[in-house]
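A quick write-up on the structure given underneath.
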Amino acid sequence: MIEDARVLRDDFIPAEVVHRDPEIQHISRVLSPLTEGQPAETLIVTGPSGAGKTCLTQFAVDRLKQEVLDLHIHYINCWQNYSRFRVLYRILEGLGKTVDIHRQSTPHDELIERLQTYSDSHSVVILDEADQLQDTAILYDLHQLPHISMILIANREAELLARVDERLSSRLVGSERLEFSRYSDDELVAILRKRAEAGLVSGAIRTQELETIAEASAGDARAAISILRNAARTAQFEQAERITSSIVSDSIPDARQEIHQKNLDRLTPDQRVVYEIIEEAGEITPSQLYQQYSTEVDDPKTDRTVRNYLSKMTRYNLIAAEGTSHDRRYKLA
DNA sequence: GCTCCACGGGAAGGATAGGCTT
DNA sequence: AAGCCTATCCTTCCCGTGGAGC
């Protein structure tokens, strides 16, 4: 059933992309000064998850690298590398200049100085999930360096900019923007078909099943590919001849569950209590929520801390908040 | 206009972890 | 091995903002 599992992975960059030509053009145009040794404008890429932001950005940058010698590309996912230190470290690592940097005893200034010293060639730094950065000072640091061009990827621009300070946000206002929209079902079918052709035996899945997957994914290509991957695994395991519609419908909840569980695992015990109260209640007001939380745990955290939890869980897409003031309600996403 | 809620930014302080020095 | 150092994380306190209802 599965001939090439790499094609079904989340981080696979296809050799050619279907649709999204204007987006590729846009990225290439912004980066084009690099082909003449000039720095490129900062590019801010936004859009919902699974809209192809990461994939297409990497695709465009890969293509650029083939044209430009002496160009360093640093892809950094801010989920894992959320601190100023780690981002700087990753970039220096990419340049091979991490010798004698000690995990935490080297001051930031020195790291930046070192980046400045090794400015013999241009670098493109892609900060994926930039809204997850805990300390946005790093954006300022990198913006200052003339030989570094930044691409920031985030779900929503407003959320990203809200967290940077005045000095930087006024500079970022002038930078290039690119907004991705969700894929349509037809586009998702085309993407899935490409992956299936490249990764599975021929005739493994019919258009009808691809359409079911597309509909279930709500425009999210990552979710769609994850469903296809699970379905292919199941079919392989069951030694089925092809991926049937019943295998597909079994895989849909699995794929959703997988993402959901990953997020739940990240919660601390206190956060989990909060989550379970919301789950139990279905819908709850902030004050009721906090009241119940304080009765359920021995040593309750303050309401401010619980509000931190709530905003974190909202970012993780575990819960949703409705209303702004008196009509505020929390429920599961 | 006033009060009640709710939100979220900023600062401060304790706890922690990893690496270094002795 | 023990203690020191530093950056970071988590939590708390304080506070300004803004909507809703009176």
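Note that the coordinates shown come from a computational prediction; the quantities given were computed from them, not determined experimentally. Lettering follows sequence order; numbering is per chain, from 1.
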Value in whole Å for how far the [atom2] atom of [N] lies from [atom1] of [X]:
{"X": "A:Lys312", "N": "B:dG9", "atom1": "NZ", "atom2": "C1'", "answer": "18 Å"}
{"X": "A:Leu289", "N": "B:dC5", "atom1": "CG", "atom2": "P", "answer": "16 Å"}
{"X": "A:Lys301", "N": "C:dC10", "atom1": "NZ", "atom2": "C1'", "answer": "8 Å"}
{"X": "A:Gln271", "N": "C:dC10", "atom1": "CD", "atom2": "C1'", "answer": "10 Å"}
{"X": "A:Tyr89", "N": "C:dT6", "atom1": "OH", "atom2": "P", "answer": "20 Å"}
{"X": "A:Gln291", "N": "B:dC5", "atom1": "CD", "atom2": "C1'", "answer": "14 Å"}

Which atom pairs, donor and acceptor, lie under 3.5 Å between side-chain atoms of residues 267-275 of chain A and protein residues at least two apart or in another chain?
unit_1, atom_1, unit_2, atom_2, d
A:Thr268, OG1, A:Gln271, N, 3.3
A:Thr268, OG1, A:Gln271, OE1, 3.4
A:Asp270, OD1, A:Tyr293, OH, 2.6
A:Gln271, OE1, A:Thr268, N, 2.9
A:Arg272, NH2, A:Leu264, O, 2.8
A:Tyr275, OH, A:His260, NE2, 3.0

Name all residues meeting the side chain to side chain donor-acceptor pair (under 3.5 Å) criterion together with [X]; count only those two or more places apart in sequence or in a different chain, and write none if there are none.
{"X": "A:His26", "value": "A:Glu176"}
{"X": "A:Lys65", "value": "none"}
{"X": "A:Glu296", "value": "A:Gln292"}

Give a yes/no on whether any side-chain N or O of A:Thr305 is located under 4.0 angstrom from OP1 or OP2 of C:dT11. no
How about A:Arg193 and A:Thr207: does a side-chain donor come under 3.5 Å of a side-chain acceptor? yes
Interatomic distance, A:Ile227 atom CD1 to A:Asp250 atom CG [nearest 0.5 angstrom]: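 Between A:Ile227 CD1 and A:Asp250 CG, I get 12.0 Å after rounding to 0.5 Å.
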Return a table of donor-acceptor pairs under 3.5 angstrom between the side chains of residues 28-35 of chain A and protein atoms on other chains or two or more places apart.
unit_1, atom_1, unit_2, atom_2, d
A:Ser28, OG, A:Ile24, O, 2.9
A:Ser28, OG, A:Arg63, NH2, 3.4
A:Ser32, OG, A:Arg29, O, 2.7
A:Thr35, OG1, A:Ser32, O, 2.6

End-to-end bend of the helix from B:dG1-C:dC22 to B:dT22-C:dA1 (five-pair axes, 10° rounding)?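 Roughly 0° between the end axes, to the nearest 10°.
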Output the rest of the hydrophobic cluster of A:Phe237: all Ile, Leu, Val, Met, Phe, Trp and Tyr residues reachable through side-chain heavy-atom contacts under 4.5 Å, sorted by chain and number. none
Using nucleotides 6-8 of chain B, report all nitrogen or oxygen pairs with the protein that are shorter than 3.5 Å.
unit_1, atom_1, unit_2, atom_2, d
B:dA6, OP1, A:Ser287, OG, 3.2
B:dC7, OP1, A:Arg328, NE, 2.5
B:dC7, OP1, A:Tyr330, OH, 2.5
B:dG8, N7, A:Arg304, NE, 3.4
B:dG8, N7, A:Arg307, NH1, 2.4
B:dG8, O6, A:Arg307, NH1, 2.8

For residues 306-313 of chain A, tabulate all N or O donor-acceptor pairs below 3.5 Å that involve a side-chain atom, not counting sequence neighbours.
unit_1, atom_1, unit_2, atom_2, d
A:Arg307, NH2, A:Asp303, OD2, 3.2
A:Asn308, OD1, A:Arg304, NH1, 2.8
A:Ser311, OG, A:Asn308, O, 3.1

Within the structure shown, what part of the strands sits under 4.0 Å from A:Tyr309 by heavy-atom distance: base, sugar-phosphate, or nothing?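 Touches sugar-phosphate only.
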